[in-house]
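Each chain gets a letter, A, B and so on, in the order the sequences are listed, and its residues count up from 1.
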Amino acid sequence: MSIQKPSLPKGTRDFGPSQMARRNYILDTIKDTFRLFGYQQLETPSMENLSVLTGKYGDEGDQLLYKILNSGDYLKKVNATDLDAGTAAMLPKIAEKGLRYDLTVPFARYVVMNRNEITYPFKRFQIQPVWRADRPQKGRYREFYQCDADVVGTDSLICEVEILLMIRRVFAHLKLTDYDIKINNRKILTGLSEVIGEPGKEGQLCVAIDKLDKIGWEKVQEELLQRGFAQPSIDKLEPVISQKGSNADKLEFLKGFLASSEEGTKGVRELEEVFALLAEYGEDEAHVELDLVLARGLSYYTGAIFEVKVNKVSIGSVSGGGRYDNLTGVFGLEGVSGVGFSFGVDRIYDVLEELSLFPADQERSTEVMIGYFDEKGKKYGLKVLNALRQAGLSSEIYPDEVKVKKQFHYADKKNIPFVIMIGDEEIDQNKVTLKNLHTGDQSMYDLAEAITLIKA
RNA sequence: GUGGUUGUAGCUCAGUUGGUUAGAGCGCUGGUUUGUGGAUCCAGAGGUCGUCGGUUCGAACCCGAUCUUCCACCCCA
């Protein structure tokens, strides 16, 4: 019987106590914010029927889905001809479930299945892991968490504004100051493709233009040519690429540039209203930047699109989202529009780490540990322990009778700020010795006094 | 999915053209003090060198496969 070394599947991680403390610091901030804006929490199963998931993320997406082998004799329904037909044809016979790939599709499924119980507009948030059979890299995992907030059943641009406000609140609480919320509108991109003489190609345009930051204008032109755009059309795009200035300046420019496109003009008007509403809230435009070349690959966006980039760090975007007109159409429920966005917790974690923005005492859990010299002290300590907990102090007693040195060492390693020591003297005088591990000071007090001191 | 990269003690890393018993720092355990942790000093434990196979008298080192890490592309949070 050989002992096997345990290991983790590629692209997955354990979260130890200190990581969990830090993750919860981020997640609690996000949850508080979602609730503050009236969103309610939803959870859906880790696995969905494969029919719910396939075909929603494109061919590549289907490849990245984790499929779950049927229970029992999973080859039961397979015969020789199925084997010859290849993987794609055989898949439905051996797997009927899969792990969720994102939170949007399960949400759409939920809305459709509960369409009659839901009161619209429906504001929900959802924080759960998702799985992708991608090749992992730094900041890219096969299991990771998404924090989605969506509101469906309203076209109001107030939702867009509130997304901006939620992002700003979360980042302010996390002490992140140097970041940009980039905003654009899919209708503007549609308008652009019309105006430059390539109508209907906004999808292709998006894919290429989205890389501007990364590969530069020259390379983007090459890519556009490859994607079948004519050189004169590309030339017409030039003034948009080089457009600089304030959000108002850019909108002014677009108004003229897209005048001939009905759709584009609509997009401009929507953006204008978002900025106008923001002002109505009494808020400024800090961190909000209209980015004419922000595209985002996802094809289902139809209105506003968002992306958040933290400056001066090596991590890509940490949040993104947008408006979609027909979330639930694939499940047979037409006309449910909505807008949503998502925080990438894992990436925010990396950003906070890179910028050393995690609070120092995040790891502390226990406030007081009780130590003692012998069995008598231990028994006395149990009463003290109970009193501490009733006073609302997170506390523990060292469970084994070992040397005092070892007890203190434990408290020190666990970053426990106070130790209450029990010996014969304390028992005789009905007191406790309280030691502050940070300063090293210690003296004897009544238990009630000690509790007040710890709470101070 | 394509191309490349990494793996030696719990952690960060040395390790000569292939040659006897694979090292350091930090950490860990015990002691120096019989009512006290974090500093000093002393001692100690811990490695089938990612795994499997091959070449060789001999492999941490050379070759192959596989797993893992990270990177670029694709795509994405």
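- The interatomic distance linking A:Glu223 (CD) with B:C73 (C1') rounds to 12 Å, in whole Å.
- Annotated stems with RNA chain B as a participant read B:1-4 with B:70-73, B:10-13 with B:23-26, B:28-31 with B:41-44, B:50-54 with B:62-66, given as range with range, by first number; only runs of 3 or more Watson-Crick or G-U pairs under 3.5 Å qualify.
- Comparing B:A9 with B:C49, their P atoms are spaced 10 Å from each other, to the whole Å.
- Among the atoms of the strands shown, only primed sugar atoms or phosphate atoms (P, OP1, OP2) are found under 4.0 Å from some heavy atom of A:Gln146.
- Computed from coordinates, the A:Arg142 CZ to B:C76 C1' distance equals 14 Å when rounded to whole Å.
- Atom CD in A:Glu60 sits about 10 Å away from atom P in B:C74, given to the nearest Å.
- Nucleotides B:C76 and B:U5 are separated by 22 Å at their C1' atoms, to the nearest Å.
- Contact annotation for A:Thr433: base contact, defined as any heavy-atom pair under 4.0 Å involving a base atom.
- Within the structure, every pair that satisfies the ring pair (Phe, Tyr, Trp, His ring centres under 6.0 Å) test and touches residues 130-177 of chain A, not counting sequence neighbours, is listed here: A:Phe171-A:Tyr179.
- OP1 or OP2 of B:C75 lies within a sub-4.0 Å distance of a side-chain N or O belonging to A:Lys211.
- Each ring pair (Phe, Tyr, Trp, His ring centres under 6.0 Å) pair with one or both residues in residues 368-407 of chain A, not counting sequence neighbours, appears once here: A:Tyr398-A:Tyr410.
- Rounded to whole Å, atom C1' of B:G35 lies 8 Å from atom CD of A:Gln442.
- Using a 4.0 Å heavy-atom criterion, one finds that A:Glu307 contacts no nucleic acid atom at all.
- Nucleic acid contact for A:Phe343: none, since no nucleic acid atom lies under 4.0 Å from a heavy atom of the residue.
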Could you write out each protein N or O paired with an N or O of nucleotides 2-11 of chain B at a distance under 3.5 Å?
| from | atom 1 | to | atom 2 | distance (Å) |
| --- | --- | --- | --- | --- |
| B:U2 | O4 | A:Arg135 | NE | 3.3 |
| B:U2 | O4 | A:Arg135 | NH1 | 3.2 |
| B:G3 | O6 | A:Arg135 | NH1 | 3.1 |

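- If you take CZ of A:Arg140 and P of B:U68, they are 17 Å apart, rounded to a whole angstrom.
- A:Gly11 comes within 4.0 angstrom of sugar-phosphate atoms only, judged by non-hydrogen atoms across all strands, and of no base.
- A cation-pi arrangement is present between A:Lys201 and A:Phe229 under the rule of less than 6.0 angstrom and at most 45 degrees off the ring axis.
- Taking a centre distance below 5.5 Å and an interplanar angle below 30 degrees as the stacking criterion, A:Phe373 does not stack against the six-membered base ring of B:G35.
- A:Gly139 comes within contact range of at least one nucleobase, with a heavy-atom separation under 4.0 Å.
- Taking the salt bridge (charged side-chain N to carboxylate O under 4.0 Å, His left out) definition, one finds that A:Lys93 meets it with A:Asp82, sequence neighbours left out.
- Residues passing the salt bridge (charged side-chain N to carboxylate O under 4.0 Å, His left out) test with A:Glu263: none are found, sequence neighbours excluded.
- Under the salt bridge (charged side-chain N to carboxylate O under 4.0 Å, His left out) criterion, A:Arg109 pairs with A:Glu48, not counting sequence neighbours.
- Atom NZ of A:Lys219 and atom P of B:C73 are 11 Å apart (whole Å).
- For the pair A:Lys376 NZ and B:G35 P, the computed distance is 14 Å after rounding to whole Å.
- Within the structure, side chain to side chain donor-acceptor pair (under 3.5 Å) contacts touching residues 383-393 of chain A (residues at least two apart or in different chains) do not occur.
- Taking atom C1' in both B:G54 and B:U16, the straight-line distance is 25 Å, to the nearest Å.
- Across the P atoms, B:G47 and B:A24 are found 15 Å apart, a figure rounded to whole Å.
- The ring pair (Phe, Tyr, Trp, His ring centres under 6.0 Å) pairs that include a residue from residues 417-456 of chain A number zero, where partners must be two or more places apart or lie in different chains.
- Between B:A45 and B:G10, the distance separating the two C1' atoms is 13 Å to the nearest Å.
- Applying the salt bridge (charged side-chain N to carboxylate O under 4.0 Å, His left out) test to A:Glu96 and every residue at least two apart in sequence or in another chain returns nothing.
- B:U29 sits 46 Å from B:U55 when the P atoms are compared, rounded to a whole Å.
- Residue A:Lys10 has its side chain nearest to B:U69 when only B:G35, B:A77, B:U69 are considered.
- One distance of note links CG of A:Asp374 with CD of A:Glu401; it measures 7.0 Å at 0.5 Å rounding.
- Of the two residues near RNA chain B, A:Val318 and A:Gly423, the one whose nearest nucleotide lies more 5' is A:Gly423.
- Residue-level contact check: A:Glu425 touches the bases, meaning some heavy atom is under 4.0 Å from a base atom.
- Comment: A:Asp346 engages A:Arg13 in a salt bridge, judged by a side-chain N to carboxylate O separation of less than 4.0 angstrom.
- Two rings, from A:Phe125 and A:Tyr39, have their centers 6.0 Å or more apart.
- To the nearest angstrom, P of B:G1 lies 14 Å from CG of A:Leu65.
- Comparing the P positions of B:G18 and B:C13 gives a spacing of 25 Å, expressed to the nearest Å.
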_How would you summarise protein contacts on nucleotides 37-53 of chain B per nucleotide, using B for base, S for sugar-phosphate only and - for none, with heavy-atom distances below 4.0 Å?_
BB---------------
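- Residues A:Pro9 and A:Ser317 both approach RNA chain B. Their nearest nucleotides, taken by heavy-atom distance, put A:Pro9 toward the 5′ side.
- Residue pairs meeting the salt bridge (Lys or Arg N to Asp or Glu O under 4.0 Å) criterion with at least one partner in residues 438-453 of chain A, sequence neighbours excluded, do not occur; the list is empty.
- Comparing B:G46 with B:G38, their P atoms are spaced 24 Å from each other, to the whole Å.
- A:Glu375 has a carboxylate O that lies under 4.0 Å from a charged side-chain N of A:Lys379, or vice versa, which qualifies the two as a salt bridge.
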